[in-house]
Amino acid sequence: ANFSGMWKMKTSENFEELLKALGEYFHTATGSRASRPAVEITQQGESLSIQTSTSVRTTHVSFTVGQSFNEDTVDGRPCTSTPRWETDSKISCEQTLQKGEGPKTAWTREVTNDGELILTMSAGDVVCTRVYQRE
Ligand code: R13
């Protein structure tokens with residue numbers, strides 16, 4: 001699948017609940033600022049580079065599917081991530097905190113037949129789902 005492109009978020013479910021599950025006090029400022037992220041993905045074969053921009057925080061990760069890499073959980077804690085192909089259009093990534101304890105976190109990113117990008121982020125049993133469309 002080809003994840004490359006500029007993406008705009010269309011819908012988001014459970015983001016607030018996700019931050020709460022991670023123990024972050026949720027203030028509405030976080031929600032509104034995280035609510036209109038712009039995502040730019042470049043993909044070359046198995047290697048992806050993902051830049052997510054909001055007015056409060058911009059993150060950039062680069063990784064190769066099948067190889068572990070370091071990133072931060074959504075609440076900003078350093079973790080080791082292990083991305084793998086769940087299907088040929090879906091990447092599934094488990095995260096392990098580099099130190100300390102916390103709920104088990106993971107994300108998935110999938111490009112659908114309709115050309116949408118679906119991001120899920122989970123913390124324990126709580127799953128946040130965000131749907132993006134190409135700009
Ligand atoms: C700020 C305060 C501290 C905490 C926090 C958590 C998340 C975010 C910002 C903050 C943001 C997250 C954006 C996520 C996106 C995901 C995606 C509460 C820890 C710094 C305000 C902005 C955009 O869709 O890929």
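On a predicted model such as this, the values are computed, not experimentally measured, just so you know. Start at 1 and go down the list; that is how both ligands and their atoms are numbered.
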message: If only side-chain N and O atoms count, and only distance matters, is there a donor-acceptor pair under 3.5 Å linking Thr112 with Asp114?
response: no
query: Among all protein non-hydrogen atoms, which one is nearest to atom 22 (C) of ligand 1, and what is the separation to 0.1 Å?
result: Val56 CG2, 3.5 Å
message: Below 4.0 Å from ligand 1: does a non-hydrogen atom of Tyr132 turn up there or not?
response: yes
task: Apply the side chain to side chain donor-acceptor pair (under 3.5 Å) test between Lys20 and each candidate in Glu16, Glu24, Glu17; give the one that qualifies.
output: Glu16
Protein contact of atom 3 (C) of ligand 1 - nearest heavy atom, named by residue and atom, plus distance: Glu24 OE1, 4.6 Å
- line: ligand 1 to Thr54, heavy atom cutoff 4.0 Å, flagged ligand atoms 22 (C), 23 (C)
message: Quick check: is Met6 connected to Val111 through a chain of hydrophobic side chains (ILVMFWY, heavy atoms under 4.5 Å apart)?
response: no
Proximity of Leu119 to ligand 1 by residue part, where a heavy atom lies under 4.0 Å: side chain
task: Could you tell me whether the side chains of Thr108 and Ser92 share a donor-acceptor contact shorter than 3.5 Å?
output: no
task: Could you say whether the N/O atoms of Tyr25 and ligand 1 ever approach to under 3.5 Å?
output: no
field: Nearest heavy atoms of Thr54 and Thr58, plus distance in Å
entry: O-OG1, 3.9 Å
statement: The closest protein heavy-atom partner of atom 7 (C) of ligand 1 is Val74 O, 3.7 Å
Atom 9 (C) of ligand 1: nearest protein contact (heavy atom, Å): Thr30 CG2, 3.8 Å
- prompt: Do Thr129 and Thr120 pass the side chain to side chain donor-acceptor pair (under 3.5 Å) test, and can you show the C-alpha distance, the side-chain angles, and the key distance before you say yes or no?
  reply: CA-CA 4 Å; Thr129 303; Thr120 71; over 6 Å; no
statement: Closest to atom 20 (C) of ligand 1 among protein heavy atoms sits Arg57 CD, 4.6 Å
- prompt: What protein heavy atom sits nearest atom 13 (C) of ligand 1, and how far off is it?
  reply: Ala34 CB, 3.8 Å
query: According to the interplanar angle, ranging from 0 to 90°, do the rings of Phe63 and Phe69 count as parallel (below 30°), tilted (30 to 60°) or perpendicular (above 60°)?
result: parallel
message: How close do Thr80 and Gln98 get, counting heavy atoms only, and between which atoms?
response: OG1-NE2, 3.3 Å
message: Testing the 3.5 Å rule here: is there a donor-acceptor pair between the side chains of Glu46 and Gln67?
response: no
query: Among protein heavy atoms, which sits nearest to atom 15 (C) of ligand 1, and what does the distance come to when rounded to 0.1 Å?
result: Arg130 NH1, 3.3 Å
message: Using a plain distance cutoff, I'd like to know if Asp75 has any nitrogen or oxygen under 3.5 Å from a nitrogen or oxygen of ligand 1.
response: no
- request: With heavy atoms of Pro37 as the reference, note each atom of ligand 1 found under 4.0 Å away.
  value: 23 (C), 24 (O)
